Undergrad: 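The structure's right below; bear with me while I get my questions together.
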Number of protein chains: 2
Amino acid sequence: MSIDRRSGCPINLSLEVFGDRWSLIILRDMIFGGKRHFRDLLNGSLERIASNILADRLKRLMELGMLTRADDPTHKQKAIYSLTEMAITLVPILAHLGAWGRVWLPVSEELSIRAELLEKGGPPMWEKFMDELRHEHLGTPSDTPPDATVRASLQAGYKAVVARKAPGAGCDPDA
Amino acid sequence: MSIDRRSGCPINLSLEVFGDRWSLIILRDMIFGGKRHFRDLLNGSLERIASNILADRLKRLMELGMLTRADDPTHKQKAIYSLTEMAITLVPILAHLGAWGRVWLPVSEELSIRAELLEKGGPPMWEKFMDELRHEHLGTPSDTPPDATVRASLQAGYKAVVARKAPGAGCDPDA
DNA sequence: ATAAACTGATTGCATTTTGCAATCAGTTGC
DNA sequence: GCAACTGATTGCAAAATGCAATCAGTTTAT
């Protein structure tokens with residue numbers, strides 16, 4: 001379940017950690033979607049991850065030190081997953097990955113607006129976002145008001161695109 | 001053989017292109033190792049890729065527009081593989097990936113020196129490197145002398161570490 | 001009190017992908 | 001002519017994937 005160590009090359013070892021179809025998708029949903037629970041991740045992902053794969057990857061990501069798991073005080077059976085610093089520092093990689101995909105791949109407009117905003121914000125925005133994630137997941141103190149977060153601004157951009165593309169429609173799956 | 005389009009998310013689509021254990025390894029060897037032939041890639045990689053997987057991934061990367069293939073004039077059976085602009089623009093992602101791996105994973109010193117130098121060089125060095133790759137693979141004009149390339153300086157750094165770790169040894173597998 | 005919905009999973013099974021070893025036909029150098 | 005080298009291909013076992021069904025305990029609504 002842990003990594004192979006095919007070689008000590010940094011790129012190779014990084015691939016051994018998240019060089020599969022699902023690990024980064026899960027981390028993306030936790031980082032950008034704010035998902036913290038099994039069910040949120042299971043039903044929330046656009047790519048429709050299967051429950052056994054989700055369970056397997058969560059376990060693996062915990063073993064690798066990218067996630068931690070804690071009991072949720074509001075529900076005896078609920079588990080809450082948190083990003084570690086190791087996972088939070090993936091933000092610049094995800095930002096680059098999104099920017100690259102936006103240029104070269106057939107992305108949809110509403111799903112790429114976040115990548116565009118994150119690219120335009122550059123490293124300062126990424127740092128701010130990582131601080132917010134540290135506050136959210138690690139309990140680090142923060143002075144950013146909840147309505148001025150990077151995630152909120154990314155979400156606002158997304159909603160603006162959706163609203164423009166479907167004017168007057170009442171549907172809002174991302175409330 | 002082409003991508004699934006599980007969703008139009010840029011990160012997802014990027015993962016569908018190189019979210020596997022081998023595609024980025026091949027691109028890494030072409031970009032940083034200057035490998036252009038099947039046999040170079042087959043025997044040169046530290047991770048020991050199998051020939052059928054290499055053949056499959058080269059084909060796939062060509063279909064996706066990341067590589068092109070041409071006959072090598074020096075040998076009727078030899079094929080020479082070239083990076084496209086799409087692949088060359090992965091340099092910043094590889095740089096970030098290497099930097100992340102260097103911090104969080106059990107990398108070896110001699111294999112991580114390149115990642116360290118590339119990280120220290122920052123975006124200006126990445127741009128210079130991409131220009132060199134464009135010259136090498138796309139035939140774009142360039143005014144950089146062959147001994148002042150980014151790849152040469154990364155290679156020099158690597159050799160310095162190897163020489164320091166094995167003083168007086170005559171072995172030099174990377175000549 | 002009880003039924004329904006929700007919690008984080010686990011199991012079984014068919015399909016697909018992977019990885020290793022062996023092999024291939026054509027080309028080149030000696 | 002023969003060994004080494006070219007870019008692959010094939011057969012096969014093992015592993016990963018994905019889907020559907022299921023599970024026991026918890027909470028919510030009636």
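Because the structure is a prediction, the values reported are computed rather than measured. Side chains are part of it too, since the values below use all heavy atoms of this structure and drop only hydrogens, waters and symmetry mates. To find a chain, count down the sequence lines: A is the first, B the second, and so on, and within it residues start at 1.
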Undergrad: Once ring-ring contact (aromatic ring centres under 6.0 Å, His included) is applied, do any residues pair with A:F38, and if so which ones, sequence neighbours excluded?
TA: none

Undergrad: For this output row, return yes or no: ring centroids of A:Y158 and A:F32 closer than 6.0 angstrom.
TA: no

Undergrad: Nearest-Å distance, NZ (B:K78) to C1' (C:dT27)?
TA: 11 Å

Undergrad: How does protein contact run along nucleotides 22-30 of chain D, one letter per nucleotide 5' to 3', with B for base contact, S for sugar-phosphate only, - for none, heavy atoms under 4.0 Å?
TA: --BBSS---

Undergrad: Side-chain contact, heavy-atom cut-off 4.5 Å: B:R60 with B:M66?
TA: no

Undergrad: Might you list the N or O atoms of the protein lying below 3.5 Å from N or O atoms in nucleotides 10-17 of chain C, with each pair's distance?
TA:
from	atom 1	to	atom 2	distance (Å)
C:dT10	O4	A:S51	OG	2.8

Undergrad: What is the nucleic acid contact for A:R6, judged by heavy atoms within less than 4.0 Å: base, sugar-phosphate only, or nothing?
TA: nothing

Undergrad: Once side-chain contact (heavy atoms from CB on, under 4.5 Å) is applied, do any residues pair with A:D71, and if so which ones, sequence neighbours excluded?
TA: A:R69

Undergrad: Please tabulate, one pair per line, all N/O donor-acceptor pairs under 3.5 Å involving side-chain atoms of residues 85-97 of chain A, not counting sequence neighbours.
TA:
from	atom 1	to	atom 2	distance (Å)
A:E85	OE1	A:R134	NE	2.8
A:E85	OE2	A:R134	NE	3.3
A:E85	OE2	A:R134	NH2	2.9
A:T89	OG1	A:E85	O	3.2
A:T89	OG1	A:M86	O	3.0
A:T89	OG1	B:W100	NE1	3.2
A:T89	OG1	B:W104	NE1	3.0
A:H96	NE2	B:H96	NE2	2.9

Undergrad: Counting side-chain heavy atoms from CB outward, which of D:dT17, C:dG8, D:dG7 is closest to A:I53?
TA: D:dT17

Undergrad: Among all residues two or more places apart in sequence or in another chain, which pass the side-chain contact (heavy atoms from CB on, under 4.5 Å) test with A:E16?
TA: A:I3, A:D4, A:R6, A:N12, B:R21

Undergrad: For A:W22 and D:dG18, is the shortest distance between a side-chain N/O and OP1 or OP2 below 4.0 Å?
TA: yes

